[in-house]
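Each chain gets a letter, A, B and so on, in the order the sequences are listed, and its residues count up from 1. What you see is a predicted model; the values in this text were computed from it and never measured.
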Amino acid sequence: MVPREISSLISSNWTCRGLFYLRPNKEEIMNSKQQVVSALAAVLPDTMTAAEIEAKIERPKSDGNGDFAFPTFFLAKELHQAPQLIAQGLLAQIDQSNFEQVVVAGPYINFFLDKTQVGATILNEILNDPNSYGSSDLGNGGKVPIDMSSPNIAKPMSMGHLRSTVIGNALANILTKVNYQPVKINHLGDWGTQFGKLMAAYKMWGSEAEVKADPINTLQKYYVRFHQEDKENPALDDDARAWFKKLEDGDEEATELWKWFRSESLKLFMKIYDLLDIQFDSFNGEAFYNDKMTEVVKMLEDKHLLQESKGAEIVDLDKYDLNPALIKKTDGATLYITRDLAAAIYRKRTYDFVQSLYVVGNEQQNHFKQLKAVLKELGFDWSDDIHHIQFGLITQGGRKLSTREGRVILLENVLDDAIKLARKQIDEKNPELAHADEVAKAVGVGAVVFHDLKNERRNNFDFDLAEVVRFEGETGPYVQYAHARAESILRKAGQPDLTAVDKSISDPGVWKVIKALGQFKDVIQRAAREYEPSVVAKYAIQLSKDFNQYYAHSKILVEDDEKMARLALVQAVSDVLKSSLALLGVKAPDEM
RNA sequence: GGAGCGAUAGCUCAGCUGGAUAGAGCAUUCGCCUUCUAAGCGAACGGUCGUGAGUUCGAAUCUCACUCGCUUCACCA
């Protein structure tokens, strides 16, 4: 059998990986999986390309079956042999010199990597440059605006906004790590008919003093009352519409009220963003686009896309199998989608983005389909680069939360509760801890943020405070704790310089940890491809578990030849856990 | 009715391109701190992977139908 060249893989610079084209670098070609590919390529029939072989290689679920496995079922037909016999036949020919061992288990060929050598390579890579470990170049520096958080003025920020905020923030971090340039945009809900309602309510029942004393709660109270009363008295809605029209036309009283409501609200939002340690590149909300909508309407007119229907102006989207997009209401006022059209065009012009993301709940998917369809009708090909990063609904007791009905979970309360609980735990478990308040904040907030990110973002979840602020099991604090333990060991060891030490470890108990460390880059790339922070969160839990397991069964600080190598492992775990948490927007205190 | 998402252990969820006995956490029961932080480690218990067909050497994973749940379907955002 003629050994098959794998040069095709090496010389072709581009490898297709899902949505992205990725130029493999040197170490990637030399990585462990490629060693398996080339070992197999040398003994398999010429008809199989290296890429086909690579696609068949799998990672065994149980570690008794090695690090990589190659099933032979699919060769049975071609070779007219039982898979078991094929496996044995191939094994006899395989060059095993690069592996600890290669064995046959039924129809599988299982490859065991050289643990000491692979381990030392990975640890060196991490310690040489911990900050860039796991990064890669998928994005070529392309700009990616991320529409995120976007709370509504005069309403309290709820758990729903937390989702958008922390998912958007984590995606920004993850995309940065694969060399995109995210632009975090807080598309504030500072425009729209709810301001008409709010103004109408304020004029009827409001007082300046009451608002000043407790802005958001008071405004919220007016809003809820408005909705209660307009059920009986629909005329109130006309009043609200009139007020919003005044605002849109630049009426002085309306504008003053709007500015006031907005600035009071923003002050309170900033407190929460500070607590989460999240910064934005832009606060251009809906109002920002107010003067940019006549152009959009004109574009639609020029392309003859606008139709009149029941007194309103619409774009028909029948051919997209969508309901019509309502651009202007009967009274001439614009709508949500009109502003989003203006925003999308503005972002393309301003950032020349390669992708444009909107981290918005899944209940708005119809809206984003319409948005993309209208942009497409306008002839903008980049409509395809817009992605609605939808996430699941948060319910309570199985019911949807509703601001209008005054059923909200206040984010501020949740965060406060979590911090208090963390503080209580510190007092019980580590009363001597310095900076206890700061650590309590990191742990409490970390628990809430991590809880929000650890599950697939499309899943709905029912809010349960006890679950959100849980510190045991698969939680943010669990990961933080593993990191703090690692740091504690390094402190006890006197923080030695580990970059140059021999990192060969013979203890087989470290292998799971090493393997997990080696997967960091793949994990980040998958998270970026799928816009899915939970991939990173799950990885952080897995690495923490592997490390805790090792920690519980082996003593690290014992004087022997491999002590420094073990410390290098601990340092690497600490670095990667800290990076993982940082990607999620969670802090990693050195002690807790 | 159209569109979308979902259904895996008592609860909350993993399960990557179909593959070797379906995995965690929580809860329950029981072990482990004179040794690097017990926010930890270990063990036990727990499953007709919604139902029924199909494709395949092989299906929790792919296809179709059905059942149930949630979201959404123009003058809110």
Between the main-chain N or O of [Y] and the side-chain N or O of [X], is there a donor-acceptor pair closer than 3.5 Å?
X: Arg163(A); Y: Gly392(A); value: yes
X: Asn186(A); Y: Ser150(A); value: yes
X: Ser544(A); Y: Ala540(A); value: yes
X: Ser136(A); Y: Val178(A); value: no
X: Trp258(A); Y: Asp190(A); value: yes

Suppose you measure atom [atom1] in [N] against the same atom in [M]; what distance do you get, rounded to whole Å?
N: G18(B); M: C57(B); atom1: P; result: 15 Å
N: C45(B); M: A22(B); atom1: P; result: 15 Å
N: G23(B); M: A14(B); atom1: C1'; result: 7 Å
N: G15(B); M: C75(B); atom1: P; result: 38 Å
N: C13(B); M: A7(B); atom1: C1'; result: 13 Å
N: G47(B); M: A9(B); atom1: P; result: 10 Å
N: C26(B); M: A60(B); atom1: P; result: 28 Å
N: U61(B); M: U8(B); atom1: P; result: 14 Å

Quick one: label [X] by what it contacts on the DNA or RNA (base, sugar-phosphate, nothing), any heavy atom closer than 4.0 Å.
X: Tyr478(A); answer: sugar-phosphate
X: Ser554(A); answer: base
X: Gln480(A); answer: nothing
X: Pro60(A); answer: base
X: Ala484(A); answer: base
X: Val443(A); answer: base
X: Glu591(A); answer: base
X: Ser309(A); answer: base
X: Lys492(A); answer: sugar-phosphate
X: Leu393(A); answer: sugar-phosphate

Residue list, side-chain hydrogen bond (donor to acceptor under 3.5 Å, both in side chains) with Lys545(A), at least two apart or on another chain: Glu474(A)
Residues that Gln370(A) engages under side-chain hydrogen bond (donor to acceptor under 3.5 Å, both in side chains), provided they are two or more places apart: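 With neighbours one apart ignored, the set is Asn323(A).
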Would you say [X] reaches [N]'s phosphate, i.e. side-chain N/O to OP1/OP2 under 4.0 Å?
X: Lys77(A); N: C57(B); value: yes
X: Lys429(A); N: A39(B); value: yes
X: Arg458(A); N: U71(B); value: no
X: Tyr481(A); N: A39(B); value: yes
X: Ser488(A); N: U37(B); value: yes
X: Gln365(A); N: U71(B); value: no

When you measure from the side chain of [X], which nucleotide among [options] comes out closest?
X: Arg485(A); options: A77(B), A20(B), A38(B); result: A38(B)
X: Arg526(A); options: G15(B), U12(B), C73(B); result: G15(B)
X: Lys310(A); options: C36(B), A77(B), A74(B); result: A74(B)
X: Arg59(A); options: C16(B), A74(B), C70(B); result: C16(B)
X: His367(A); options: C41(B), C57(B), A77(B); result: A77(B)
X: Ala105(A); options: A20(B), C76(B), U37(B); result: A20(B)
X: Asn459(A); options: C73(B), G42(B), C13(B); result: C13(B)
X: Leu335(A); options: C76(B), G4(B), C70(B); result: C76(B)
X: Glu456(A); options: A77(B), A14(B), C36(B); result: A14(B)
X: Asn430(A); options: U71(B), U37(B), C41(B); result: U37(B)

Annotated protein contacts, base or backbone, on nucleotides 21-29 of chain B with a non-hydrogen cut-off under 4.0 Å, one of B, S, - each: B--SSS---
Distance, rounded to the nearest Å, where Glu532(A) contributes CD and C13(B) contributes P: 14 Å
Rounded distance (Å) that lies between atom P of A38(B) and atom CG of Asn548(A):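 Distance check: Asn548(A) CG to A38(B) P gives 10 Å.
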Phe547(A) six-ring centre to Arg485(A) NZ/CZ under 6.0 Å and within 45° of normal: no
Aromatic Tyr320(A) / basic Lys376(A) pairing, under 6.0 angstrom, 45° off normal: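 That pair does not qualify as a cation-pi contact.
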Neighbour count >12 (heavy atoms, 6.0 Å) for atom CD, Glu438(A): no
Shortest non-hydrogen separation from Leu557(A) to Ala493(A) and the atoms involved: CD2-CB, 3.8 Å
Pair Asn455(A)-Ser534(A), side-chain donor/acceptor within less than 3.5 Å: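 There is no such pair (donor and acceptor under 3.5 Å, judged by atom type) between the side chains of Asn455(A) and Ser534(A).
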Donor on one side chain, acceptor on other, Asn548(A) and Tyr478(A), under 3.5 Å: yes
Ala69(A) or Leu557(A), whichever maps to the more 5' nucleotide of RNA chain B: Ala69(A)
Nearest-nucleotide comparison on RNA chain B, the residue closer to the 5′ end among Ala55(A) and Thr475(A): Ala55(A)
base_contact_polar (A20(B) base, Asn110(A) side chain, donor-acceptor, <3.5 Å): yes
Base A14(B) paired with Ser534(A) side chain (donor-acceptor, <3.5 Å):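 Side chain to base: no pair present.
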RNA chain B-proximal residues of residues 325-333 of chain A, any heavy atom under 4.0 Å: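 The stretch gives Leu326(A), Lys329(A), Thr330(A) as the residues lying under 4.0 Å from the strand, ordered by number.
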Dot-bracket pairing map - RNA chain B, Watson-Crick plus G-U, both contacts under 3.5 Å, | cross-strand: (((((((..((((.....[...)))).(((((.......))))).....(((((..]....))))))))))))....
Would you give me the side-chain donor-acceptor pairs under 3.5 Å for residues 237-244 of chain A, sequence neighbours excluded?
unit_1    : atom_1 : unit_2    : atom_2 : d
Asp238(A) : OD1    : Arg241(A) : NH2    : 3.2

Aromatic ring proximity Phe269(A)/His161(A), centre distance under 6.0 Å: no
Ring centroid separation Tyr358(A) to Phe368(A) under 6.0 Å: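 Between Phe368(A) and Tyr358(A), which both carry aromatic rings, the centre distance is below 6.0 Å.
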Syn-anti status, with the boundary at 90° from 0, for the nucleotide C33(B):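 In terms of base orientation relative to the sugar, C33(B) is syn.
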